[in-house]
There are 4 protein chains.
Amino acid sequence: MPKETFNQLPPDKKERILKAAAGIFAERGFAGTDVAQIAARAGVAKGSLYNYFESKEDFYLHVCRDGIERSRAAVYQEILPDWDIFRQIEHIFRRGVSFVLSHPEYIRLYLNVSSAGMERFADNLTLEVEKHTADYLKGLLREGISRGTVRRDIDVNLAAFLINSLYVVFVVSLISRHFQIRMKEYLGIEGALNEHTIEGSLRAVLEMIHDVLRPMRVAGQNKMPRRIDLTQSSQGTQRKDK
Amino acid sequence: MPKETFNQLPPDKKERILKAAAGIFAERGFAGTDVAQIAARAGVAKGSLYNYFESKEDFYLHVCRDGIERSRAAVYQEILPDWDIFRQIEHIFRRGVSFVLSHPEYIRLYLNVSSAGMERFADNLTLEVEKHTADYLKGLLREGISRGTVRRDIDVNLAAFLINSLYVVFVVSLISRHFQIRMKEYLGIEGALNEHTIEGSLRAVLEMIHDVLRPMRVAGQNKMPRRIDLTQSSQGTQRKDK
Amino acid sequence: MPKETFNQLPPDKKERILKAAAGIFAERGFAGTDVAQIAARAGVAKGSLYNYFESKEDFYLHVCRDGIERSRAAVYQEILPDWDIFRQIEHIFRRGVSFVLSHPEYIRLYLNVSSAGMERFADNLTLEVEKHTADYLKGLLREGISRGTVRRDIDVNLAAFLINSLYVVFVVSLISRHFQIRMKEYLGIEGALNEHTIEGSLRAVLEMIHDVLRPMRVAGQNKMPRRIDLTQSSQGTQRKDK
Amino acid sequence: MPKETFNQLPPDKKERILKAAAGIFAERGFAGTDVAQIAARAGVAKGSLYNYFESKEDFYLHVCRDGIERSRAAVYQEILPDWDIFRQIEHIFRRGVSFVLSHPEYIRLYLNVSSAGMERFADNLTLEVEKHTADYLKGLLREGISRGTVRRDIDVNLAAFLINSLYVVFVVSLISRHFQIRMKEYLGIEGALNEHTIEGSLRAVLEMIHDVLRPMRVAGQNKMPRRIDLTQSSQGTQRKDK
DNA sequence: GATGAATGAGTGTTCATTCAT
DNA sequence: TATGAATGAACACTCATTCAT
């Protein structure tokens, strides 16, 4: 809930402030951020920020909410409703990865909210993020069941939870030092992450989801290669099921 | 790397200090913790802590390392080497859940290391935690493959990564406000988490792992119930595959 | 010395601003007052106040001067020049009490000027308030002496000082938390001040002044009751000496 | 309620801090004082003051309480219980004046508590100061009545209130710019206050109290000169009534 | 003239670290 | 070695004043 003053600002100034804040809050965390640093990076006076927001906390909340909206817009746009669940999920995962790589600050803000001392932010923000995704995934699953593309006997809630869990771990591994080190250790990656490694593990995750959701799994019918071919184009997967 | 003086302390004093520190660091995060509060809770002088550790950062590192050891001891003990991979994984998950519920502070410390501004801790700690688990899981998988209990065509690294990812999300949902709200939203839980809900989702996660690892998946052979029966004993799953 | 613009304002706007300022300055003191609060209460923009006054200090001075005038008008009006000194003093005291009860903000402003850090205001304002009263009282006393209603051997300056001192303590006890607690403690009053207690102590003060000023004090001639009868009408005193 | 730390300080350091604080709080008022200024004058670090006191407010309260004790000790010591009320009152007034002249900061603190925005301090402090004096004066008056040195028909509470009111105005006129300007205007004093003028008005006040309290007031028996002789020694008055 | 956003110096308070005892 | 007082840099937030519109 920023003050009115903030909404009356010229859009480019709002943007400058939000960018600066998202960047610094994401880099240093809420407690580690000095409001003056944001002001400096945004090119405004520290006092001005207090004309826009009630407090550092209010500011942080707004920056997070703004990040949630941006993420959502980036991830869910361009989905066509007639796509089947697998194509939609893949789209969401790919868009998510892409958005996270170009705007890592927002997912950092998301992850920060899960750490100690941030409970009051979780109380305000978590449902705003999670409810939308949860409902969306559950909708997809139910539709998939009725269309016959998803196993009948699946527990929709649990399946949605597991799919999103994989998503969360995956994108978080792209931006958190801790989760990135972890992922590299697991996958035996040395040096920086690159498109290939990301693509490879992304496809493995999607395949895992496939395995779990597909209704018929007769021996020999599993057409997705188990050993991921990292050289394959990123377009490959979604065509597989056609 | 605590100073020598710390190791020369009477064990109960060391324990008091480590408990107090783990509790407070976990509750408030590194930045949010006042060293004086730890000293007060531990019943020692603030100055004494600086006789034991070089700095707050050094202190935090040691508390985390200690937590890693405790977690490991709790989770990996009592595993018999002749158990198959599924039984071992279930054991690890159950022990993990149990340890986290009784000592939430250590997993909180783990999660905190993933947030912004904690990169220097991740650089020091993450491999220490993850390498062990990664190696262990990969070993299990390789053994499972050679024994024929795990599909041949699986990518060991990716599989280990995914299994551990599910573990991480699961235990983190037990202790982080954010992840707990999220899990409840997905699973439609109202009120506090209880044994039943935890058991139910735990079994779903284990089943998902089964689905992905099992070599043969002929229609009709899937014996695990899809719709989890929460009234079933927690011992049920591991016997299923015998 | 407000700027010209202030005087050109519509009277009701001036009034709104002066009322708001007197109220807030009186409640919170000069240092404790945020100019924005006054602007908000007056319904004008903060910047406008700086069109009307040079500075917060200038504003405060003007508000005080305005208060002085209002007080004076309220207290000294309706006095008939042929009244004797006792009747005039009683009139002044009663009017003062009455004005203070209905407009406590002005006497608060007066009292505030006596506290630490307000010396520059005292330098500007004190004489403006005090000289008038001092001259008036001294005039009354001299006239009383020449008329024979006041003792010849009295020191006019000292007598005026003492009379006004009693007045000041009295009215200040009606509006300052400190002085009110003090008065209640002395007079054994519990709960809020009310008309009776105020009337009682007012009459005691007036009587004290009588005692000191009266020329003849022969044993047995003192007709005013020592123990104040609170049920007596407030008109009683001034007729006593006729 | 300072913290224990403060009481464990070496006495000279406590004294330095209390002196610095009393001086600066008295000069600039509570709101106008920067804690850092006190620290600088006392020669300690700003942070240290927060080892001694919970907050600026707590600090201020303690400084005031300390001032109350000092004032009381200075004013009430050396009174012999067999002195009659007039001698005791004179002693108190003279000691008070003397203490105020040598330690104006304490009475400034007292006066500040009466101004706007200081109500919370008044709630804590006023009774602590006033109750003692009120009880003492009332005791004197009752004893005077029973001894026959004070008029039977006087209202003890009111008389105590008026005596103390004169005292308050008098001492406050010695230290507050506002009240000093006022006193000079009334008494026609130009330049700085000096012993003579103070002595003169002090004796007038004492005489006024005499007039009001004495049981017999036969014309011609009033031996105190009405026109105060400012050249008289300050010891004169109390001998007059013997 | 009226407005209210912009500014940045100023202030109460915290806390990691040091060090005298 | 244990203690806890001392330190001062750091930081959230305020507010008198300015000034562009």
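Model, not experiment: these values are computed from the prediction. Just so we're on the same page: letters track the sequence lines, and every chain starts at 1. Below, each value reflects all heavy atoms present in this structure, side chains not excepted, and no hydrogens, waters or symmetry copies.
No more than 12 heavy atoms of other residues, nucleotides or ligands lie within 6.0 Å of CD in D:Glu4, so this atom counts as exposed by the packing criterion.
Atoms CG and CD, from A:Asn51 and A:Gln8 in turn, are 11.5 Å apart once rounded to the nearest 0.5 Å. Rounding to the nearest 0.5 angstrom, the gap separating the CZ atom in B:Phe53 from the OG1 atom in B:Thr5 is 8.5 Å. Atoms OH and OG1, from D:Tyr60 and D:Thr33 in turn, are 8.0 Å apart once rounded to the nearest 0.5 Å.
If you take OH of B:Tyr50 and C1' of F:dT1, they are 18 Å apart, rounded to a whole angstrom.
Between C:Tyr52 and C:His62, the ring center distance fails the sub-6.0 Å criterion. Under the 6.0 Å cut-off for aromatic ring centres, A:Tyr110 and B:His178 qualify, their centroids lying closer than that.
With a heavy-atom cut-off of 4.0 Å to chain C, the contacted part of DNA chain E has its first and last nucleotide at E:dG1 to E:dA6.
Comparing B:Ala31 and D:Gly32 by the nucleotide of DNA chain E whose heavy atom lies nearest to each, the residue mapping closer to the 5' end is D:Gly32. Between C:Ala45 and D:Gly47, the residue whose closest nucleotide on DNA chain E is further toward the 5' end is C:Ala45.
Contact annotation for C:Lys3: no contact, since no heavy-atom pair falls under 4.0 Å across all strands. A:Ser48 comes within 4.0 angstrom of a base, heavy atoms only. Across all strands shown, D:Asn51 has heavy atoms under 4.0 Å from base atoms, whether or not it also approaches the sugar-phosphate. Residue contacts for C:Gln8: at a heavy-atom cut-off of 4.0 Å it reaches no nucleic acid atom on any strand shown. No engagement by C:Leu49 is indicated, since no non-hydrogen atom pair under 4.0 Å with the nucleic acid exists.
Stem regions annotated for DNA chain F: E:2-21 with F:2-21, counting only runs of 3 or more consecutive pairs of Watson-Crick or G-U type with both contacts under 3.5 Å.
For F:dG8, neither phosphate oxygen OP1 nor OP2 lies less than 4.0 angstrom from any side-chain nitrogen or oxygen of D:Lys46. Note on B:Tyr52: a side-chain N or O is less than 4.0 Å away from OP1 or OP2 of F:dA2.
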